[in-house]
Amino acid sequence: VEVLGGVGLMHGRRPTVSGVPALADRVLLGDDATLPDVGVSGVDVQPQFLDANNGTWVLRVWFHPGVRLPTHYHTGTVHLWTLSGKWFYAEHQDQPQTAGCYLYEPGSSVHSFIVPEDNTELTETIMLVQGANINFDEDGNYLSTMDANSIIAMIEEAIRERGLEPSIYVKAGFPNF
C-alpha cells in the first residue's frame, strides 16, 4: 500500500461500491486515484495495528471490483480473512476466495491478487502480515517495498496532505533505550 492517492484510510463506516457516499470525514477514497508506485486504484484501507519494530501490519481492506495488485513476494507470513466479495490469485484462478474464507500464505509466496470486474460488491478483507511485500511490474522489475514502516509513512503523509484528523489504530511503540 505504498500509496497516497489510491488508498483510502477508513474510520468506522463501510464504503459503498461507488466509494463515495456515507463515509466519515476522515476517509480517503481509493477508487478515484492511483497508487503511485504500483499503479493500482480502487483500494480503501483501515489500519488496525502497525508495528514497524517487528514488521507486523494488520489492515482492514476493501477492494473495488476490477482491482489487480502487482505481483508481489512476501518475506513473511500472511493470514487473510475474506468477509465479503470474491478474489483470487492470477496463478490459482481455480481457488477463489469468498466471504467466510481464511487463507494462510507462507513466507516466500509470490502471486498477483485479482478482484473480478463483475463483482457486485466490495471485497472486504482483514489481513495480518508479517514482514514485507516486494512488488514487481509485469516484466518482473522491482516497483516498491511495502511494510509496516512504509504504511505508517504513507498514512502520515496522506493525513498531512489532505488536512485530515490523525488515523486511529494501534501503533506499537519504539524502544526507548
Side-chain angles (χ1 to χ4, degrees), residues 1-15 19 23-31 33-64 67 69-85 87 97 102-111 113 115 122-136 142-177:
V1 185
E2 189 137 308
V3 295
L4 298 177
V7 168
L9 302 179
M10 307 297 299
H11 290 268
R13 294 188 279 183
R14 181 181 175 167
L23 299 175
D25 59 3
R26 295 186 218 167
V27 171
L28 304 176
L29 300 177
D31 64 336
T34 299
L35 306 182
D37 295 331
V38 294
V40 176
S41 63
V43 180
D44 297 309
V45 176
Q46 183 183 50
Q48 303 293 306
F49 174 78
L50 298 169
D51 181 352
N53 298 314
N54 292 303
T56 303
W57 34 296
V58 179
L59 303 173
R60 184 176 176 188
V61 182
W62 291 266
F63 296 96
H64 294 251
V67 166
L69 299 181
T71 299
H72 54 278
Y73 166 82
H74 289 279
T75 65
T77 60
V78 176
H79 300 269
L80 192 145
W81 293 266
T82 302
L83 305 178
S84 67
W87 67 273
Q97 302 295 301
Y102 163 81
L103 179 77
Y104 170 78
E105 299 174 4
S108 299
S109 298
V110 178
H111 45 246
F113 181 101
V115 177
L122 294 176
T123 296
E124 181 180 0
T125 64
I126 294 179
M127 59 187 73
L128 184 156
V129 181
Q130 193 70 41
N133 284 9
I134 311 300
N135 299 305
F136 301 95
Y142 172 80
L143 282 175
S144 62
T145 298
M146 180 175 63
D147 60 13
N149 195 50
S150 67
I151 293 169
I152 292 168
M154 178 274 303
I155 290 168
E156 291 174 358
E157 185 173 342
I159 288 169
R160 271 193 314 276
E161 284 185 351
R162 297 173 186 192
L164 302 171
E165 295 295 321
S167 186
I168 301 168
Y169 61 91
V170 177
K171 181 177 174 184
F174 287 93
N176 188 14
F177 45 159

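All values below were derived from every heavy atom in this structure, side-chain atoms included, with hydrogens, water molecules and symmetry-related copies excluded.
The salt bridge (Lys or Arg N to Asp or Glu O under 4.0 Å) analysis of residues 70-82, with sequence neighbours excluded, yields no pairs. For residues 69-78, no residue pair satisfies the salt bridge (Lys or Arg N to Asp or Glu O under 4.0 Å) rule, not counting sequence neighbours.
Closest approach of Ala132 and Asp147 over heavy atoms only: CB-CB, 3.8 Å. Listed here is the closest heavy atom pair of Trp62 and Gln46: CZ3-CB, 3.8 Å.
Residues satisfying the side chain to side chain donor-acceptor pair (under 3.5 Å) criterion with Thr75, sequence neighbours excluded, are absent altogether. In this view, Tyr102 and His79 satisfy the side chain to side chain donor-acceptor pair (under 3.5 Å) rule, not counting sequence neighbours. For Thr125, the side-chain contact (heavy atoms from CB on, under 4.5 Å) partners are Val61, Phe63, Leu80, Thr82, Trp87, Thr123, Met127, not counting sequence neighbours. Legend: residues meeting side chain to side chain donor-acceptor pair (under 3.5 Å) with Asn149, ordered by chain and number and at least two apart, are absent. Partners of Gln130 by side chain to side chain donor-acceptor pair (under 3.5 Å), not counting sequence neighbours, listed by chain and number: Thr56.
In this structure, the side chains of Ser108 and Tyr73 come closer than 4.5 Å at one or more pairs of heavy atoms. Between Ile152 and Lys171, some side-chain heavy-atom pair lies under the 4.5 Å cut-off. Using a 4.5 Å heavy-atom threshold, the side chains of Leu50 and Ile155 count as touching.
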